[in-house]
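When a ligand or atom number is given, it counts from 1 through the structure's own listing order. What you are looking at is a predicted structure, and each value in this text was computed from that prediction instead of being measured.
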Amino acid sequence: MNASIIPHARLHVTAAISMVPTSCKPASVTLIEQVNVRTINYTAGHRTCQGCESAQIMKLMAKAAGPRTIVLGATGCMYVANTSYYATPWGVPWMHTQLGSAGSGALGVAAALRAQMRKGTMKDEPINVIAFCGDGGGADMGLNAISTTMTHPDYNLLILLYDNETYANTDIQVSGSSPWGANTSFSTPGKVKRIMHHRWKKNVAGLMLAGHPTCKYVGTISTSYPLQAMNNIRKALSIGGPTFIHCLNPCPKGWDFDPVLSFELGELAVNTGIWPLYEVECCKLTLYGKTEAIAKGRMKRLPVRDYLLKQGRFAHFTDEDIAFFQSKVDEMWEKWLVPGVIPLHKEI
Ligand code: SF4
Ligand code: MG
């Protein structure tokens, strides 16, 4: 063995030990046992598209967090469609924050609550602070503010990135989170050039967990697995410090599919291995649900073709394009240090 090469297993253990935030204990929470998404915290009154899974995660999030919660919404679909003139579904205090400000907005609110409780001008009690942002606001424009917020361990807050894989609110422009080759209003396939979007989707949750060693909770969720999603949100809100959750949300308008398929597409994203489900709590990584079954060999990944061809945004794909997409997902599962999480190749 070449002495300069760190064995794979040792690299993993060393990283885990050195990164554990001081005084991090896994969250102790009452887990939700049934999905009953009726809640007065997020109710009728929004104007999102039929089959919108981004609205679904808002509802699950509001239910999981409960009434002692303040929500901040960065500009995006869930701001615009949720607060149209004189209509809102929010039953908890809610405020708009600018497109790139989910991180700084949440940090400011958490700091203000802390200051008021310290001065005795309000009761000292746990209040959840959640800022949500879309992929435009979280994976692109607001990444800086979220990253800075993740380095402030003294403030309790959750950033929830709902990812519909485009700037959907302003007419489906490509974002850093859009999948390779997708047809968006900035990457429309033409006769001469079929594939106009050549970048691979940004790994935002991986970025958060690898880059912010004092952050106690980072996770990925899907609205097609709602019970797990709600419980992950509860854990993130209870563990202390700034936390981050990335949720994939099928979007009938932007992805161009029949709204009845929303739930199925969320499942297919997981079952094809495109969207791995995991959580990192006190630096302990757990793959969960179907992702764990795939990783442990109990289940075979479905071909990406099953997912791609149900969506109009990939209707221009040839067999060659699908094969390329499949090869990239295979690479993620076969070559990455941790499938779907850490993109370092195992050989190093
Ligand atoms: Fe939801 Fe997509 Fe419609 Fe936005 S464009 S409201 S994310 S379905
Ligand atoms: Mg978006």
Side-chain angles (χ1 to χ4, degrees), residues 37 42-62 71-85 87-90 94 96-103 131-143 145-146 159-180 182-187 197 199-205 207 220-224 226 229 244-266 269 274-275 310-314:
V37 290
Y42 183 90
T43 182
H46 61 82
R47 296 178 182 176
T48 64
C49 310
Q50 189 182 19
C52 174
E53 290 291 302
S54 301
Q56 188 66 5
I57 193 56
M58 294 296 119
K59 201 192 271 186
L60 297 171
M61 174 187 92
V71 178
L72 296 93
T75 309
C77 275
M78 290 304 105
Y79 155 56
V80 174
N82 275 326
T83 50
S84 315
Y85 190 56
T88 181
W90 291 107
W94 183 92
H96 171 233
T97 184
Q98 291 190 338
L99 184 43
S101 307
F132 66 75
C133 49
D135 45 305
D140 288 349
M141 292 187 205
L143 198 53
I146 295 173
I159 309 286
L160 189 142
L161 195 168
Y162 68 94
D163 187 359
N164 51 26
E165 300 192 318
T166 57
Y167 287 79
N169 147 56
T170 47
D171 206 17
I172 321 296
Q173 291 89 3
V174 76
S175 80
S177 208
S178 300
W180 180 89
N183 182 353
T184 72
S185 51
F186 276 3
S187 58
H197 174 48
R199 290 175 284 144
W200 199 251
K201 183 179 173 73
K202 220 183 255 188
N203 176 12
V204 187
L207 199 66
T220 59
I221 58 174
S222 157
T223 39
S224 297
F244 180 84
I245 288 184
H246 192 170
C247 182
L248 183 71
N249 295 117
C251 161
K253 180 179 159 200
W255 301 10
D256 189 12
F257 62 81
D258 187 321
V260 298
L261 292 176
S262 293
F263 191 88
E264 185 182 339
L265 279 168
I274 291 172
W275 185 248
K310 285 192 164 58
Q311 304 170 55
R313 62 178 173 160
F314 301 116

key: Over all atoms of both residues, closest heavy-atom pair of Pro259 and Gln50   =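 Shortest heavy-atom contact: CB-O, 3.5 Å.
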Quiz item: For Ala55 and Thr48, which heavy atoms make the closest approach, and how far apart are they?
Solution: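 Ala55 and Thr48 have their closest heavy atoms at CB-OG1, 3.6 Å.
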[Y] and [X], any side-chain heavy atoms less than 4.5 Å apart:
X      : Y      : value
Lys59  : Ile57  : no
Asn82  : Met58  : yes
Val174 : Arg199 : yes
Met61  : Leu160 : yes

After noting the C-alpha distance and the side-chain angles of Ile245 and Ile159, does the key distance pass the side-chain contact (heavy atoms from CB on, under 4.5 Å) rule?
CA-CA 6 Å; Ile245 288 184; Ile159 309 286; over 6 Å; no
Between Cys133 and the options Leu143, Leu72, Ile146, the side-chain contact (heavy atoms from CB on, under 4.5 Å) test singles out Ile146
query: Between Tyr79 and Asn169, does any side-chain donor sit less than 3.5 Å from a side-chain acceptor?
result: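 Per modelled atom types, Tyr79 and Asn169 side chains form no pair under 3.5 Å.
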Keeping to distances under 2.8 Å, can you name the protein N/O/S atoms close to atom 4 (Fe) of ligand 1?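 As for protein N, O or S atoms lying under 2.8 Å from atom 4 (Fe) of ligand 1, they are Cys77 SG.
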Counting only protein N/O/S atoms, those under 2.8 Å from the Mg ion (ligand 2) total 3
